[in-house]
Amino acid sequence: MITPNRLLKAAVLSFTITAMCTMGASAACLGAGSVTAGALRLRDAPSTAGSILATASEGSKVVVLDNSSDGWYQVSYDNVQGYMSADWVDLLQTATCDLGRGAVTTSGSTLNLRSKPGTDGSILTSIPNGVVLQLDGVTGGWYLVTYSGKTGYVSSDYIAPTSDPITDSAAAVSQSNLGSQIAAYAQNYLGCKYVYGANGPSCFDCSGFTKYVYAQFGYTLNRTATGQLSNGVSVSKGELQPGDLVFFRHNTSKPVSHVGIYIGGGKFIHASTNAYKVQINDLSSGYYAGVYVYGRHVA
């Protein structure tokens, strides 16, 4: 028998879900849920016949991932995904709590850490693919996290629950893909103006651009192109990998006059003194092939 109280509760939950969907919550995460039963079972299927994966006590917080199964929420509890009865989970749009850990899953690019939940929040830093974060709360489809000493929000579309250890810096990410992440991140600034002496993020000169990009991954480069010749280790042109620094010399008595970042496929990105903007050019032919002098591997 369904009691009036249970009908009322179901109506309230339905209203809450509808309101959140209207507000544009991410499909990857509806929000946080609070367990209202004394002991609520997490099952491997949306049915009382499902095997029990864990039991959550009253007041426990879960990440609510989906509400498409009638009467059941798909949730993540203590880094285990399963199903809980919607009758005993209150869906919260905003919650600050321990929601376990999540891994950044961006297929090789980086994930922006923003000052507030939403794409209108300013970018505090970028987090490499594979980094594992502590999830300290959720607002709609945005997780509250701290990375490299900065606290902000990341889209839950690019976070997967995990039990792996937390990583707190880019240095903890495998070095095999870090260079590709640096190259991918640099391309976020395509079209930004070249301004002599500028350090970013809205405009750059050539060495200001490379220094700024590398700083987002925890690396400190020297300020000038000549100074950056002392960063990292020398590599031949044939050994260049995405993320490596590439140097050029034209009409100067200095060792180099220009620097950029190799992105693979015989191309590099730089704050161009010819086009006065950040752009991609060919390294294997044309003007820049003729003035290329050095490559340096930093990350």
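- The distance from the OH atom of Y185 to the CG atom of L111 is 11.5 Å, given to the nearest 0.5 Å.
- Distance alone, capped at 3.5 Å, places no donor-acceptor pair between the R296 side chain and the L245 backbone.
- Other residues, nucleotides and ligands contribute more than 12 heavy atoms inside 6.0 Å of the OH atom of Y287.
- At least one side-chain heavy atom of F268 sits less than 4.5 Å from a side-chain heavy atom of F248.
- No more than 12 heavy atoms of other residues, nucleotides or ligands lie within 6.0 Å of CZ in R41, so this atom counts as exposed by the packing criterion.
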Practice prompt. Would you check, one step at a time, whether the test side-chain hydrogen bond (donor to acceptor under 3.5 Å, both in side chains) holds for H250 with H258?
Written response: CA-CA 8 Å; H250 174 70; H258 192 60; over 6 Å; no
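- You'll find the side chain of Y77 reaches within 4.5 Å of the side chain of M84, heavy atoms only.
- The minimum heavy-atom distance linking S284 with A289 is given by the pair C-CB, 3.7 Å.
- The aromatic ring centroids of Y189 and Y212 lie less than 6.0 Å from each other.
- Annotation: side chain of Y262 is not in contact with side chain of V235 (no heavy-atom distance under 4.5 Å).
- The line from CG of L42 to OG of S85 is 12.0 Å long, rounded to the nearest 0.5 Å.
- Put simply, the side chain of N112 never gets that close to the backbone of R114: no donor and acceptor are under 3.5 Å apart.
- Heavy-atom minimum distance, D205 versus G197: OD2-N, 2.9 Å.
- Put simply, V64 and Y83 are part of two different groups of oily side chains (I, L, V, M, F, W, Y) that touch within less than 4.5 Å, one to the next.
- Put simply, the side chain of T105 gets close to the backbone of Y158: a donor and an acceptor are under 3.5 Å apart.
- Of the possible donor and acceptor atoms, one in the side chain of K237 sits under 3.5 Å from a partner among the backbone N and O of L283.
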Item to complete: Show your reasoning for whether side-chain contact (heavy atoms from CB on, under 4.5 Å) applies to W72 and T48.
Response: CA-CA 10 Å; W72 294 82; T48 54; 4.1 Å; yes
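- Judged by distance alone, with hydrogens and angles left aside, the side-chain atoms of K211 form a donor-acceptor pair with the main-chain N or O of L221 at under 3.5 Å.
- Annotation: side chain of L65 is not in contact with side chain of V75 (no heavy-atom distance under 4.5 Å).
- Not a single donor-acceptor pair under 3.5 Å links the side chain of D244 to the backbone N or O of G295.
- The ring of F209 has its center no closer than 6.0 angstrom to the ring center of Y194.
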Worksheet entry | Worked check of side-chain contact (heavy atoms from CB on, under 4.5 Å) between S122 and S115 | CA-CA 5 Å; S122 59; S115 60; 3.0 Å; yes
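- Placement of I263 and L240 in two distinct hydrophobic clusters is found when ILVMFWY residues are connected by side-chain heavy-atom separations under 4.5 Å, directly or transitively.
- Following chains of ILVMFWY side-chain contacts shorter than 4.5 Å, one can reach Y219 starting from Y294, so the two form part of one hydrophobic cluster.
- Between A183 and G243, the shortest heavy-atom distance links the atoms CB-N, 4.0 Å.
- For the atom pair NZ of K150 and CG of L124, the computed distance is 6.5 Å after rounding to the nearest 0.5 Å.
- Within the 4.5 Å cutoff, the side chain of R43 has heavy atoms near those of the I52 side chain.
- Taking all atoms of both residues into account, the shortest heavy-atom contact from L53 to G82 is CD1-CA, 4.2 Å.
- Rounding to the nearest 0.5 Å gives a distance of 12.0 Å between OG of S234 and NE2 of H297.
- Residues T226 and P255 form a side-chain contact, since some pair of their non-hydrogen atoms from C-beta on lies under 4.5 Å apart.
- Put simply, CD on Q216 and CD1 on I182 are 10.5 Å apart, with the number rounded to the nearest 0.5 Å.
- Enclosure of atom CG in D70 is not indicated, since only 12 or fewer non-hydrogen atoms of other residues, nucleotides or ligands lie within 6.0 angstrom.
- Side chain of N222 to backbone of G227: a donor-acceptor contact under 3.5 angstrom is found.
- Taking the side chain as every heavy atom from C-beta outward, V89 and T36 never approach each other to under 4.5 Å.
- A side-chain donor-acceptor contact under 3.5 Å links D44 to the backbone of S51.
- Of the options Y288, Y292, F204, a ring pair (Phe, Tyr, Trp, His ring centres under 6.0 Å) to H270 is made by Y288 and by none of the others.
- At least one side-chain heavy atom of I280 sits less than 4.5 Å from a side-chain heavy atom of L190.
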Discussion item. Between V259 and V246, does the side-chain contact (heavy atoms from CB on, under 4.5 Å) criterion hold? Intermediate values first, please.
Written reply: CA-CA 6 Å; V259 63; V246 287; 6.0 Å; no
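- Tracing side-chain contacts under 4.5 Å through hydrophobic residues (I, L, V, M, F, W, Y), one reaches F247 starting from V278; they form part of the same cluster.
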Worksheet item: Please walk me through it: do S207 and T210 pass side-chain hydrogen bond (donor to acceptor under 3.5 Å, both in side chains)?
Response: CA-CA 5 Å; S207 55; T210 52; 5.6 Å; no
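- Annotation: the span from N188 atom CG to I123 atom CD1 amounts to 7.0 Å, rounded to 0.5 Å.
- Panel note: side chain S69, backbone P46; no donor-acceptor pair is recorded below 3.5 Å.
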Item to complete: Take V62 and Q74 through the test side-chain contact (heavy atoms from CB on, under 4.5 Å) and record every step on the way to the result.
Response: CA-CA 10 Å; V62 299; Q74 183 184 17; over 6 Å; no
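- Under the 6.0 Å distance and 45° angle rule, K116 does not count as a cation-pi partner of Y153.
- When all heavy atoms are compared, the tightest approach of C192 to S202 is CB-O, 3.7 Å.
- Both I269 and Y214 sit in one connected hydrophobic cluster of ILVMFWY residues. Membership requires side-chain heavy atoms under 4.5 Å apart, directly or through other members.
- Using a distance-only test at 3.5 Å, with no hydrogens or angles considered, a donor-acceptor pair links the side chain of E239 to the main chain of S236.
- In terms of heavy-atom proximity, G266 sits nearest to D282 at O-OD1, 3.0 Å.
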